[in-house]
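Working notes, structure below.
Note: hydrogens, waters and symmetry copies are ignored here, and every other heavy atom, side chains too, is used. Being a predicted model, the structure only gives us computed values, none of them experimental.
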Amino acid sequence: QLQPAESGGGLVQPGGSLRLSCSASDTTLDRYAIGWFRQAPGKEREGVSCISKSGSSTTYVDSVKGRFTISRDNAKNTVYLLIKTLKPEDTAVYYCAASPRCDPPYSDSTGLVPGLFSAWGKGTQVSVSS
């Protein structure tokens, strides 16, 4: 059973960068599309990006386009989320989760549909503050 684990979070100053990782030790991630989500205190979980099984297709929510880059290295069984030019509003717990693919019904006009993703990790905290 897939149990992904996120890592790479931390406390960063505004304008800085972080690379988050999503990995799994007991299942190969290339069987799944992987989505990255974030949840800030008092807010709903938001899908920010998704990558297909092969890595050939990626999607981003409008608010992070140009700053977030999702990628995967199936040989290392890891999916990455590179976040550049971090802003205080990026502060959240970031999660990765699996789905068969990124396109509908796993996404709609508002973005990724969290309820249709499975195998959630425990999250990694990203805090952006000076």
Side-chain angles (χ1 to χ4, degrees):
Q1 185 175 357
L2 176 63
Q3 184 61 56
E6 305 89 344
S7 62
L11 174 61
V12 185
Q13 291 187 342
S17 300
L18 278 176
R19 188 178 75 164
L20 308 183
S21 298
C22 172
S23 60
S25 60
D26 56 353
T27 307
T28 54
L29 288 180
D30 62 5
R31 297 169 56 189
Y32 307 92
I34 299 294
W36 279 99
F37 298 79
R38 65 184 179 183
Q39 188 164 20
K43 294 188 176 181
E44 293 187 355
R45 191 164 296 188
E46 174 191 32
V48 296
S49 186
C50 189
I51 189 166
S52 62
K53 295 176 185 178
S54 68
S56 62
S57 176
T58 59
T59 61
Y60 301 91
V61 68
D62 286 346
S63 61
V64 306
K65 284 181 179 177
R67 295 193 302 120
F68 287 29
T69 303
I70 192 171
S71 62
R72 67 191 305 158
D73 185 339
N74 286 337
K76 294 183 178 179
N77 208 33
T78 303
V79 174
Y80 303 99
L81 185 69
L82 175 63
I83 310 174
K84 296 182 178 180
T85 318
L86 277 155
K87 304 176 180 181
E89 52 263 42
D90 293 320
T91 295
V93 179
Y94 284 70
Y95 302 88
C96 63
S99 71
R101 59 185 189 270
C102 298
D103 55 357
Y106 302 93
S107 62
D108 59 22
S109 59
T110 64
L112 302 180
V113 181
L116 296 183
F117 281 71
S118 61
W120 292 82
K122 294 182 179 180
T124 185
Q125 175 71 48
V126 172
S127 299
V128 185
S129 175
S130 55

Which donor-acceptor pairs under 3.5 Å do the side chains of residues 14-30 make with protein atoms, sequence neighbours left out?
{"from": "T28", "atom 1": "OG1", "to": "D30", "atom 2": "OD1", "distance (Å)": "3.4"}

Can you name the side chain to side chain contact (heavy atoms under 4.5 Å, CB included) partners of A40, sequence neighbours left out? K43, A92

Kindly determine whether R38 and I83 satisfy side-chain contact (heavy atoms from CB on, under 4.5 Å), including the steps that lead there. CA-CA 12 Å; R38 65 184 179 183; I83 310 174; over 6 Å; no

Same cluster (ILVMFWY, side-chain, under 4.5 Å), V128 and W36: yes

Show the numbers, then the answer: is there a side-chain contact (heavy atoms from CB on, under 4.5 Å) between L86 and Q13? CA-CA 7 Å; L86 277 155; Q13 291 187 342; over 6 Å; no

Which value, rounded to the nearest 0.5 Å, describes the distance between L116 atom CG and S99 atom OG? 8.5 Å

Specify whether W120 and F37 have parallel, tilted or perpendicular ring planes, treating 30° as the upper limit for parallel and 60° as the lower limit for perpendicular. tilted

Any pair counted as ring pair (Phe, Tyr, Trp, His ring centres under 6.0 Å), so long as it reaches residues 54-83, sequence neighbours left out: none

How far does CG of D108 sit from CG of D103, to the nearest 0.5 angstrom? 12.0 Å

Between D90 and K87, does any side-chain N to carboxylate O distance fall below 4.0 Å? no

Can you hop from I34 to V93 via hydrophobic side chains spaced under 4.5 Å? no

Using a cut-off of 6.0 Å, state whether more than 12 heavy atoms not belonging to E44 lie near its atom CD. no

Side-chain (R72) to main-chain (S52) donor-acceptor, under 3.5 angstrom: yes

For R31, look at atom CZ and say whether over 12 heavy atoms of other residues, nucleotides or ligands are found less than 6.0 Å away. no

How long is the span from the CG atom in L2 to the SG atom in C96, to the nearest 0.5 Å? 8.0 Å

Is there a path of hydrophobic side-chain contacts, each under 4.5 Å between heavy atoms of I/L/V/M/F/W/Y residues, joining L81 to V79? yes

Between the main-chain N or O of S54 and the side-chain N or O of S56, is there a donor-acceptor pair closer than 3.5 Å? no

